[in-house]
Amino acid sequence: KKLNRSKHENKERNNLTVEIVMFQSLVRSVAIAGRRGLATVSTSAKQTSHAKQIATGTLAAGLAGYIAYTLFPQRADALSAPPLPHEHHAHEKDDPEWHLNCNKISKRPDLPTYTLTDLRAHTSDESGYWVSYRGAVYDVTSFINAHPGGPGRLQMAAGNDLRPFWNVYRLHYRGHIIPLLEQKYRIGTLNREDAEEAANFEFGDSYETDPPRVNDNTPCTHKPYCGEARIDLLAESYLTPNELFYTRNHNNVPIIEEDEYELIIEGNGVNKTVFTLNDLKTKFEQIDVVTTIQCAGNRGEDYHGIGSGPSGATFLSPHWAGGAISNAKWTGVRMRDLLRVAGLDVDGMHEGRVYLKNGQHLKMWAYDSDETGEEYGASTYMDKIVDPNGDAIIAFKMNDRPIPRDHGFPCRAIVPGHAGARQPKWVHKLEVTDNPYCVLQCLNFSPEVTFEDDLSSWPPKGKDAEYRGKIVVQEMPVQSLISQPPQNAIIGAHGLDAIFLKGVAWSGGGSGIKRVDVSIEDGANFREANLYKPIEQKRRCEWGWTQFNKAMPITEEMKVKLAKGEQVELILVSKAVDSSFNVQPELPRAYVNPRGTAVNHWYRVRVVLDPQIPAGVVINPAQHAAATGHFANKPSGGSFMTPFHEGGWNNAETSSNETPQDWHHYSTTSNTSEEPGIEAEIDWDYYKNIKLEPFYAKAKMVDGVCSGKPSGSCSSKKGSCSA
């Protein structure tokens, strides 16, 4: 046996080879091999002991997964599952020309033929904007301001073929974009020579200086980088490791020197003020905020294919499967303290004594920008910022380390309880204003609104700026995800008595989690799970998530089938209840929206019990996918409704000679040595041992007993206090 026991050498572990002599001996060896991997293995004869092992993090190493794939290849290769009939179903399209998996253009002899000169004469607001793709010509003038990636990038492509741009931004090859162009914007065709010339240029790649990432941060798009935390690892520690924490980038990652960093305060009711990073670290009280951040579009892939439009598609970027949620400890200074120094009466505004009518919003501008210089920005309500219990901060530490570049080095905004998009990374300006930041993506429309009919031009029909400002996703709805057993896992069921479930639950706006119910029968029967939260947070300021776990006994009917040698397929679900007793809905249909935001119906985990595999062995496809460079997460139900194509990255246009590993910039000891806040591999022990203090840790402690002469109506045995 060649055995690498180091938990920090994931890549090397994936290449181990093992000679198997006896299965029982093998299981005993694997049980102590490490903490994480494709398979979990327990040698305990009692399922309760197995549950305890899993709960305390004693998961087997990548070696176990290799063994599981070696021993049971026919089972491991059958992990892809068909859609759930009641949740994941193909959209029944009225128009057969709408597709969700097509990157080919149609022959259109009925349309005129244009020249390259014609194409390049349409590159401005006055002339309109035309683009081409493989000789097809599209007039995208009405789409410019509706483009989810912003108008600048589409204007930049005007007069040219889209392929050189899309070869960097490959998410456009997912399969539903070309049909949209064909149906909505096609106006003609170029001849063969002009079609080739329109694509005869190279578009520069601005992402080559992005930081390296671990393979457990699994990307659904590579450029800009949007990586999910592996769902099966979310409950491994209460704080999500910096390396694993989900990453949502809108542009390339800027390189910012600490001594050059500035934060500008300006706008209505304030004096323009500039702070350096040293000012922030030395002139203001620093506070810690433990908060979960979730992208407004997390789980948007669940809506892709069941939308109300003719294609059924969800038009957003990226198409998150479910791992765009993470939890961390952030250290920084209160925004309200910075605004006070700039002249804003934050106490008067919070207490209602002052109403700044042209200062009800705070815009936040970031250093990152697209190729045209358009900066990323966001806004939130001023009442959140001036509230001393709102805990909105400018952070410069993440989990007691410098913030990594992917997460905003050297400073980012933290607006706890709100969507991730409202918390810009690399923040460099705070602006007090009466106009919220105009967003395209984070809008939560009614199911009747479709992208194809309503949002493919801008502004959307019948939806003015005031209306759109009211439906920007700020606080997020209640959410929960089962992380273990993993999605599409094969669970050893020979001698199995119970299945141990664990996961995470969270609700936005500071609402705590009161209860999580779990089921192994797709919701037919629920049991209340055990809750775990190692930090005490103030009521209505419960920013951090709650983890849950439960050993769920398998039913007698399941045992009978297993005794006959039959596999048993289960659907595991959780539903969280927050402090306002909001609960997750069962199905998505009534909440579908074309932007794929605020998705929170039950996340269903499909697993298979296999009586031919000993209890304690769990074959986990997520580890195998991550180790080989593939996207490791799956949407609810365990399968994509349409081919995922690695988020469009794997397509015949560009990737014929590539492997998934070619698309990644993996972390190594050398390339992370100068990177702030991250290491080459995740040090789980470090994150599990970070100190978390209760909200009253710095408060003056009193016993609540008054003393003194009787006065008023408030009295006690030891005296009284004035009422």
(request) Apply the side chain to side chain contact (heavy atoms under 4.5 Å, CB included) test between S132 and each candidate in N160, L116, L119, L162; give the one that qualifies. (result) L119
(request) Decide, yes or no, whether a salt bridge links E452 with K184 under the criterion of side-chain N to carboxylate O below 4.0 Å. (result) no
(request) May I ask you to check whether E681 and S667 show a side-chain donor-acceptor distance below 3.5 Å? (result) no
(request) Using only heavy-atom distances, determine whether the side chains of D368 and N249 contain a donor-acceptor pair under 3.5 Å. (result) no
(request) Of all the heavy-atom pairs spanning A146 and R595, show the shortest one and how long it is. (result) O-NH2, 4.1 Å
(request) Give a yes or no answer on whether the side chain of N252 reaches the backbone of S206 with a donor-acceptor pair at less than 3.5 Å. (result) yes
(request) Assess the side chains of N101 and H176: does a donor N or O sit below 3.5 Å from an acceptor N or O? (result) no
(request) Ignoring hydrogens and angles, state whether a donor on the side chain of H630 or E646 is under 3.5 Å from an acceptor on the partner side chain. (result) yes
(request) Test side chain to side chain contact (heavy atoms under 4.5 Å, CB included) on Y225 and N217 and set out the steps. (result) CA-CA 10 Å; Y225 187 86; N217 185 282; 2.7 Å; yes
(message) With no hydrogens and no angle check, just 3.5 Å: does a side-chain donor-acceptor pair link Q487 and R604?
(response) no
(message) I'd like to know if E658 pairs up with R170 as an ion pair, taking the criterion as any Lys NZ or Arg NE/NH1/NH2 lying under 4.0 Å from an Asp or Glu carboxylate oxygen.
(response) yes
(request) Indicate whether any N or O donor in one side chain lies under 3.5 Å from an N or O acceptor in the other, for S670 and S673. (result) no
(message) Check for me whether R153 meets the cation-pi criterion with F165, that is, NZ or CZ under 6.0 Å from the six-membered ring centre and within 45 degrees of the ring axis.
(response) no
(request) Might you point out which heavy atoms bring A366 and P424 nearest each other, and give the distance in Å? (result) CB-CB, 4.4 Å
(request) Please step through side chain to side chain contact (heavy atoms under 4.5 Å, CB included) for the pair Y261 and C411, ending with a clear verdict. (result) CA-CA 9 Å; Y261 175 82; C411 287; 3.4 Å; yes
(request) Work out which heavy atom in S379 is nearest to a heavy atom in R422; give both atom names and the distance. (result) O-CD, 3.3 Å
(message) Could you check whether E301 pairs with R174 (Lys NZ or Arg NE/NH1/NH2 to Asp/Glu carboxylate O, under 4.0 Å)?
(response) yes
(message) Does either side chain, that of N444 or that of T597, offer a donor lying less than 3.5 Å from an acceptor on the other one?
(response) yes
(message) More than 12 heavy atoms of other residues, nucleotides or ligands under 6.0 Å from OH of Y591: yes or no?
(response) no
(message) Under 4.0 Å between a side-chain nitrogen and a carboxylate oxygen: does that hold for R213 and E243?
(response) no
(message) Side chains of N242 and H407: any donor to acceptor distance under 3.5 Å?
(response) no
(request) Name the orientation class of the two ring planes belonging to W365 and Y437 (parallel below 30°, tilted from 30 to 60°, perpendicular beyond 60°). (result) perpendicular
(request) State, to 0.1 Å, how close R230 and D216 come at their nearest heavy-atom pair, and which atoms those are. (result) NH1-OD1, 2.7 Å
(request) Among F143, Y133, W130, find the residue that satisfies the ring-ring contact (aromatic ring centres under 6.0 Å, His included) test when tested with Y185. (result) F143
(request) Using the six-membered ring wherever Trp is involved, compare the ring planes of Y169 and F203 and label them parallel, tilted or perpendicular (cut-offs 30° and 60°). (result) tilted
(message) Can you tell whether the side chains of D205 and K223 come within less than 4.0 Å, N to carboxylate O?
(response) yes
(message) Working note: L430 + M364, criterion side chain to side chain contact (heavy atoms under 4.5 Å, CB included); need CA distance, chi angles, decisive distance, verdict.
(response) CA-CA 5 Å; L430 305 180; M364 295 164 278; 3.5 Å; yes
(message) Below 30° counts as parallel, above 60° as perpendicular, anything between as tilted: where do the rings of Y367 and H428 land?
(response) tilted
(message) side chain to side chain contact (heavy atoms under 4.5 Å, CB included), that's the test. Do I325 and W320 meet it? Break it down for me.
(response) CA-CA 10 Å; I325 182 171; W320 298 114; over 6 Å; no
(request) Would you indicate whether the side-chain heavy atoms of L190 and E197 approach each other to under 4.5 Å? (result) no
(message) Determine whether a donor-acceptor pair (N or O, by modelled atom type, separation under 3.5 Å) exists between the side chain of R299 and the backbone of H601.
(response) yes
(message) Under a 3.5 Å threshold, yes or no: a donor from one side chain and an acceptor from the other, between Q661 and Y666?
(response) no
